[in-house]
Asker: 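First the structure, then my questions, so here it is.
None of the values given here were measured: they were computed from a predicted structure. Scope of the values below: all heavy atoms of this structure, side chains included, with no hydrogens, waters or symmetry mates.
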Amino acid sequence: MDKLEAKLLKEIADLDGLPVGAYNIRKNGQSDGRVNTAHIVIDTKTDKSGIDIHIAPGTKKESVHIPVVLTETGLTETVYNDFFIGEDCDVDIIAGCGIHNSGCDTTQHDGIHTFYVGKNSKVRYYEKHYGEGEGTGERIFNPQTIVYLEEGASINMETTQIRGVDSTKRYTKIVVGAGGEAVITEKLLTHGKQTAESEMDIVLAGEDATGRVISRSVAQDQSQQVFYPRMTGEAKCFGHVQCDSIIMGQAKIKSIPAIAAEHPDAQLIHEAAIGRIAGDQILKLMTLGLTEEEAEERILNGFLQ
């Protein structure tokens with residue numbers, strides 16, 4: 001990989017070189033490197049663009065990286081990645097896509113990820129989207145993530161999009177089985193005239209299932225954001241949806257959380273808050289020697305952690 005591609009990998013997957021363990025690196029619509037392990041096997045789909053990732057039952061303390069980098073202007077792709085995770089696993093999955101667009105045409109990546117998580121398995125899933133480039137062409141991401149958790153299985157999903165993405169439409173659906181747990185942490189920053197829409201459906205389908213959504217976002221300048229997190233309790237369960245946003249400049253934010261109890265023992269909570277940075281917070285940091293811009297940046301970084 002050249003320096004530009006290496007920089008994108010660092011941004012989206014915190015990699016300074018090739019990953020340890022199983023990985024599949026996709027570059028400009030083609031596979032650019034793949035390694036399997038004894039317990040994790042990656043196969044190319046034969047009917048459409050994408051890969052199948054098979055993780056053997058009992059796999060512990062292993063990881064798989066599937067980053068995507070796009071550096072060609074005008075390239076648009078839709079990729080389907082399916083994960084088949086056996087019972088009693090404990091694994092990390094690191095995805096994400098970086099776009100460098102130096103031209104005038106739109107570059108777009110739509111990743112459709114589906115997870116089938118076996119009984120009592122634990123999955124940590126990290127996905128980061130990043131855009132850059134001096135061109136006028138847009139950088140667009142439209143990810144979809146569908147997760148099916150069997151009895152006792154869990155997924156801790158962290159998605160991040162900080163600057164550089166002109167437009168995104170995100171959809172996430174998780175169906176949680178008995179005794180399972182789903183935790184989603186979403187971090188998003190928009191600026192300029194960027195737009196972002198995030199839609200979620202968390203279905204607590206089994207007895208004693210739990211779910212939590214934590215959404216943190218910042219909208220600057222004239223950017224616009226819309227959030228539709230929905231949680232449904234179909235059995236004795238507990239769910240919590242929390243959406244916190246900071247609005248700046250002439251930005252617009254809509255947060256529309258919804259909870260639906262379809263069982264008398266479903267306990268569901270939702271919270272939503274939108275506000276500006278408090279002036280006394282900035283003043284306090286300025287008394288410590290920071291400029292107003294530095295104080296603002298410090299507050300935003302802390303909020304999005």
Asker: Checking E186 against S198 for the side chain to side chain donor-acceptor pair (under 3.5 Å) test, could you report, in this order, the C-alpha distance in whole Å, the side-chain angles of both residues, the deciding distance, and whether it holds?
Answerer: CA-CA 9 Å; E186 181 179 68; S198 178; 2.7 Å; yes
Asker: The criterion is ring pair (Phe, Tyr, Trp, His ring centres under 6.0 Å); which residues satisfy it with H263, sequence neighbours excluded?
Answerer: none
Asker: Check for me, please, whether L290 and L300 land in the same ILVMFWY cluster - side-chain distances under 4.5 Å, paths through other members count.
Answerer: yes
Asker: Which salt bridge (charged side-chain N to carboxylate O under 4.0 Å, His left out) pairs, counting each pair once, include a residue from residues 187-211, with sequence neighbours left out?
Answerer: E158-K187, E199-R230, D201-R230, D208-K236
Asker: Within a strict 4.5 Å, meaning less than it, do heavy atoms of the V68 and E77 side chains meet?
Answerer: yes
Asker: Please tell me whether Y125 and F115 form a close aromatic pair, meaning their ring centres lie under 6.0 Å apart.
Answerer: yes
Asker: Side chains of K7 and Y130: donor-acceptor distance under 3.5 Å anywhere?
Answerer: yes
Asker: Run the side-chain contact (heavy atoms from CB on, under 4.5 Å) check on T172 and I184 step by step: do they pass?
Answerer: CA-CA 9 Å; T172 303; I184 302 175; 4.0 Å; yes
Asker: Does V213 share a hydrophobic cluster with M157, counting links as ILVMFWY side-chain heavy atoms below 4.5 Å and allowing steps through other members?
Answerer: yes
Asker: The test is side-chain contact (heavy atoms from CB on, under 4.5 Å); show your working for E234 and T232 and say whether it passes.
Answerer: CA-CA 6 Å; E234 297 182 346; T232 302; 4.1 Å; yes
Asker: Between I66 and N81, is any pair of side-chain heavy atoms under 4.5 Å apart?
Answerer: yes
Asker: May I ask you to test the D43-I51 pair for a side-chain heavy-atom distance under 4.5 Å?
Answerer: no
Asker: Could you report the tightest heavy-atom contact between L70 and L8, atom names first, then the distance?
Answerer: O-CD1, 4.1 Å
Asker: Do V79 and L75 belong together in a cluster built from hydrophobic side chains that touch within less than 4.5 Å?
Answerer: no
Asker: At what distance, to the nearest 0.5 angstrom, does OH of Y116 lie from NE2 of H54?
Answerer: 11.0 Å
Asker: Assign the ring pair H113 / F83 to parallel, tilted or perpendicular, where the plane angle (0 to 90°) is split at 30° and 60°.
Answerer: perpendicular
Asker: Using 0.5 Å steps for rounding, measure from the CD1 atom of I246 to the CD1 atom of I299.
Answerer: 7.5 Å
Asker: If you take all heavy atoms of R139 and G164, which pair is closest and at what distance?
Answerer: NE-O, 2.7 Å
Asker: Using a 3.5 Å distance criterion without hydrogens, assess whether the side chain of K254 forms a donor-acceptor pair with backbone atoms of F227.
Answerer: no
Asker: Any non-hydrogen side-chain atom of Y148 less than 4.5 Å from a side-chain atom of V117?
Answerer: no
Asker: In terms of hydrophobic clusters joined by side-chain contacts under 4.5 Å, are I155 and V203 together?
Answerer: no
Asker: Only pairs under 3.5 Å count here: list side-chain donor-acceptor contacts from residues 89-103, not counting sequence neighbours, and write none if there are none.
Answerer:
residue: D90; atom: OD1; partner: R124; partner atom: NH1; Å: 3.0
residue: D90; atom: OD1; partner: R124; partner atom: NH2; Å: 2.5
residue: D92; atom: OD1; partner: R124; partner atom: NE; Å: 2.5
residue: D92; atom: OD1; partner: R124; partner atom: NH2; Å: 3.1
residue: H100; atom: ND1; partner: E132; partner atom: OE2; Å: 2.8
residue: N101; atom: OD1; partner: T73; partner atom: OG1; Å: 2.8
residue: N101; atom: OD1; partner: G103; partner atom: N; Å: 3.0
residue: N101; atom: ND2; partner: D105; partner atom: O; Å: 2.8
residue: N101; atom: ND2; partner: T107; partner atom: OG1; Å: 3.3
residue: N101; atom: ND2; partner: G137; partner atom: O; Å: 3.4
residue: N101; atom: ND2; partner: E138; partner atom: O; Å: 3.1

Asker: Grab the two heavy atoms, one from S49 and one from R26, that are nearest each other, plus how far apart they are.
Answerer: OG-NH2, 3.0 Å
Asker: Please list all pairs meeting salt bridge (charged side-chain N to carboxylate O under 4.0 Å, His left out) that have one or both residues in residues 265-284, counting only residues at least two apart or in different chains.
Answerer: none
Asker: Have T145 and R170 got a donor and an acceptor in their side chains that come within less than 3.5 Å?
Answerer: no
Asker: Is it possible for you to say whether V175 and L268 belong to one hydrophobic cluster, with membership spreading through side-chain heavy-atom contacts below 4.5 Å?
Answerer: no
Asker: Rounded to the nearest 0.5 Å, how far does CD1 of I140 lie from CG of D110?
Answerer: 8.5 Å
Asker: Look up atom CD1 in I112 and atom OH in Y80, then write down how far apart they are to the nearest 0.5 Å.
Answerer: 5.5 Å
Asker: Taking all heavy atoms of G177 and all of A209, pick out the closest pair and write down the distance.
Answerer: O-CB, 3.6 Å
Asker: Measure the shortest side-chain to side-chain distance between L188 and V218 over non-hydrogen atoms and say whether it is less than 4.5 angstrom.
Answerer: no
Asker: What distance do T44 atom OG1 and D47 atom CG have between them, rounded to the nearest 0.5 Å?
Answerer: 11.5 Å
Asker: Donor-acceptor pair, distance only, cut-off 3.5 Å: does the side chain of E297 make one with the backbone of E294?
Answerer: no
Asker: So does E293 pair up with R298, basic N to acidic O under 4.0 Å?
Answerer: no
Asker: Give a yes or no on this: more than 12 heavy atoms of other residues, nucleotides or ligands lie within 6.0 Å of atom CD of E262.
Answerer: yes
Asker: Apply side-chain contact (heavy atoms from CB on, under 4.5 Å) to E127 and Q161, showing your working.
Answerer: CA-CA 9 Å; E127 179 185 87; Q161 180 178 299; over 6 Å; no
Asker: Using modelled atom types and a 3.5 Å cut-off, is there a donor and acceptor pairing between side-chain atoms of Q30 and backbone atoms of K27?
Answerer: no
Asker: Please test H129 against I12 for side-chain contact (heavy atoms from CB on, under 4.5 Å), starting from the C-alpha separation and ending with a verdict.
Answerer: CA-CA 6 Å; H129 289 156; I12 63 174; over 6 Å; no
Asker: Give me each pair satisfying salt bridge (charged side-chain N to carboxylate O under 4.0 Å, His left out) with a member in residues 48-76, each pair once, sequence neighbours excluded.
Answerer: K45-D52, K60-D88
Asker: Looking only at non-hydrogen atoms, find the nearest pair between N142 and T168 and report the distance.
Answerer: OD1-C, 3.8 Å
Asker: Under 3.5 Å, is there a donor-acceptor pair linking the side chains of S217 and Q225?
Answerer: yes
Asker: Look up atom OG in S223 and atom CG in L189, then write down how far apart they are to the nearest 0.5 Å.
Answerer: 7.5 Å
Asker: Look at the aromatic rings of F141 and H109 and report parallel, tilted or perpendicular, splitting at 30° and 60°.
Answerer: perpendicular
Asker: What I'd like to find out is whether the side chain of I25 reaches to under 4.5 Å of the side chain of L18, using heavy atoms alone.
Answerer: yes
Asker: I'd like to check V241 versus C243 (side-chain heavy atoms, cut-off strictly below 4.5 Å). Are they in contact?
Answerer: yes
Asker: What residue pairs, at least two apart or across chains, pass salt bridge (charged side-chain N to carboxylate O under 4.0 Å, His left out) with a residue in residues 237-247?
Answerer: R216-D244
Asker: For T190 and R163, run side chain to side chain donor-acceptor pair (under 3.5 Å): C-alpha distance rounded to whole Å, both residues' side-chain angles, the deciding distance at 0.1 Å, then the answer.
Answerer: CA-CA 6 Å; T190 56; R163 299 191 181 278; over 6 Å; no
Asker: Shortest non-hydrogen contact from I42 to N36?
Answerer: N-OD1, 2.8 Å
